[in-house]
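Structure first, commentary second.
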2 protein chains.
Amino acid sequence: MNTALTVSEAAARFGLTAHTLRWYEQVGLVDPVPRDGAGRRRYAEADLNRLAFLTRLRTTGMPVREMLRYVELARLGSETEAARRALLEAHRRRVLARIADLEADLEVIDRKIASYGS
Amino acid sequence: MNTALTVSEAAARFGLTAHTLRWYEQVGLVDPVPRDGAGRRRYAEADLNRLAFLTRLRTTGMPVREMLRYVELARLGSETEAARRALLEAHRRRVLARIADLEADLEVIDRKIASYGS
DNA sequence: AGTTGACTTAGAGTGCACTCGAAGCGGGAG
DNA sequence: CTCCCGCTTCGAGTGCACTCTAAGTCAACT
């Protein structure tokens with residue numbers, strides 16, 4: 001079974017562009033993806049899973065800079081698990097705060113909408 | 001009673017910089033703020049209220065481009081109220097969707113944190 | 001009177017995260 | 001065999017939202 005995807009297919013799966021996926025590789029966010037005989041990227045299950053998690057970090061607003069620190073910790077092996085966990089927990093707190101802010105701001109906007117009457 | 005604030009004071013109140021506040025004026029996000037005898041901006045109650053709402057739009061992710069459309073509608077008077085309301089409602093839906101996305105992504109991150117054990 | 005510090009303007013510069021262009025290669029369809 | 005399309009690399013360009021610089025003014029403090 002050959003489920004390996006091309007760069008465009010993988011990009012589509014995560015709502016990114018092929019350009020962006022190559023760029024992620026270029027800046028070191030993901031390790032170089034295995035190539036086929038013609039030198040083309042082939043995204044296998046494991047690559048897709050890594051991407052899936054990274055895109056979650058990204059869409060929740062983690063800066064690329066910090067994602068780089070995370071993946072570099074991961075490259076160093078299991079000794080860095082505590083550090084990675086701490087990094088994710090800090091991010092989690094930021095996301096929770098962001099959600100709370102959005103909800104508070106939304107209430108103000110709702111009041112404005114209401115002020116326009118029906 | 002003179003409660004009018006300087007540009008820095010007003011900026012501090014909204015977590016912006018004086019530079020940003022001047023830039024908002026320059027690009028037309030806010031009308032030129034009344035000046036004192038020395039030509040310095042003096043933010044009165046009404047100016048601060050307008051800014052308070054605009055910063056809510058901004059922090060909820062409305063692009064400056066769209067905020068401009070909103071304030072231009074407001075300048076046109078009460079005939080544009082329906083359009084303004086529609087614009088805010090569309091934004092409201094986007095913010096709700098954003099919150100939902102953040103919550104879904106956060107769950108994935110939580111699972112990852114849990115996978116690192118205690 | 002002099003110094004300090006916040007203000008003024010116009011315009012240039014920055015950081016982030018892509019996004020695109022150019023030039024070339026390779027593999028499947030007709 | 002030829003055409004076309006999607007891939008390759010490298011490097012330059014873009015859009016957004018600020019952010020800062022330079023040169024100057026003005027009011028208040030010492």
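Heavy-atom basis, side chains included; hydrogens, waters and symmetry copies ignored. Naming convention: chains lettered A, B, ... in sequence-line order (proteins, then strands); numbering from 1 in each chain.
- Between the CD atom of B/Glu25 and the C1' atom of D/dT19 there is a distance of 17 Å, rounded to whole Å.
- D/dG6 atom P lies 12 Å from atom CZ of A/Arg22, rounded to whole Å.
- In the set D/dC26, D/dT19, D/dG6, the nucleotide with an atom closest to the side chain of B/His19 is D/dT19.
- Distance B/Arg42 CZ to D/dC26 P: 15 Å, rounded to the nearest Å.
- The OH atom of B/Tyr70 lies 12.0 Å from the CZ atom of B/Arg75; values are rounded to the nearest 0.5 Å.
- Closest heavy-atom contact between A/Leu48 and A/Ala10: CD2-CB, 4.0 Å.
- Residue A/Arg41 places at least one side-chain N or O under 4.0 Å from the OP1 or OP2 atom of D/dT8.
- Within 6.0 Å of CZ in A/Arg13 there are 12 or fewer heavy atoms belonging to other residues, nucleotides or ligands.
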Where do A/Met67 and A/Leu54 land on the side chain to side chain contact (heavy atoms under 4.5 Å, CB included) test, with the steps shown first? CA-CA 8 Å; A/Met67 291 171 63; A/Leu54 287 178; 4.0 Å; yes

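- Neither OP1 nor OP2 of D/dG6 sits under 4.0 Å from any side-chain N or O of A/Thr6.
- The outermost nucleotides of DNA chain C lying under 4.0 Å from heavy atoms of chain A, listed 5' to 3', are C/dC16 to C/dG27.
- Side-chain N/O atoms of B/Thr17 include none lying less than 4.0 angstrom from OP1 or OP2 on D/dC18.
- Under the 4.5 Å side-chain heavy-atom criterion for ILVMFWY residues, no single connected hydrophobic cluster contains both A/Val95 and A/Leu57.
- The side chain to side chain contact (heavy atoms under 4.5 Å, CB included) with A/Arg84 is formed by just one residue from the set A/Leu88, A/Thr80, A/Leu87; it is A/Thr80.
- Listed by residue number, A/Arg35, A/Gly39 are the residues of residues 31-39 of chain A with a heavy-atom contact under 4.0 Å to DNA chain D.
- In this structure, CG of B/Leu16 is placed 13 Å from C1' of D/dT19, rounded to the nearest angstrom.
- Atom OH in B/Tyr24 sits about 13 Å away from atom C1' in D/dT19, given to the nearest Å.
- If you take CZ of B/Arg40 and P of D/dA28, they are 8 Å apart, rounded to a whole angstrom.
- B/Thr59 and A/Asp105 are linked by a side-chain donor-acceptor pair at a separation below 3.5 angstrom, with hydrogens and angles left out of the test.
- Between the side chain of B/Thr20 and the backbone N or O of B/Leu16 there is no donor-acceptor pair closer than 3.5 Å.
- Within a 6.0 Å sphere centred on CZ of A/Arg69, other residues, nucleotides and ligands contribute 12 heavy atoms or fewer.
- Whole-Å rounding puts the B/Gln26 CD to D/dT19 C1' distance at 12 Å.
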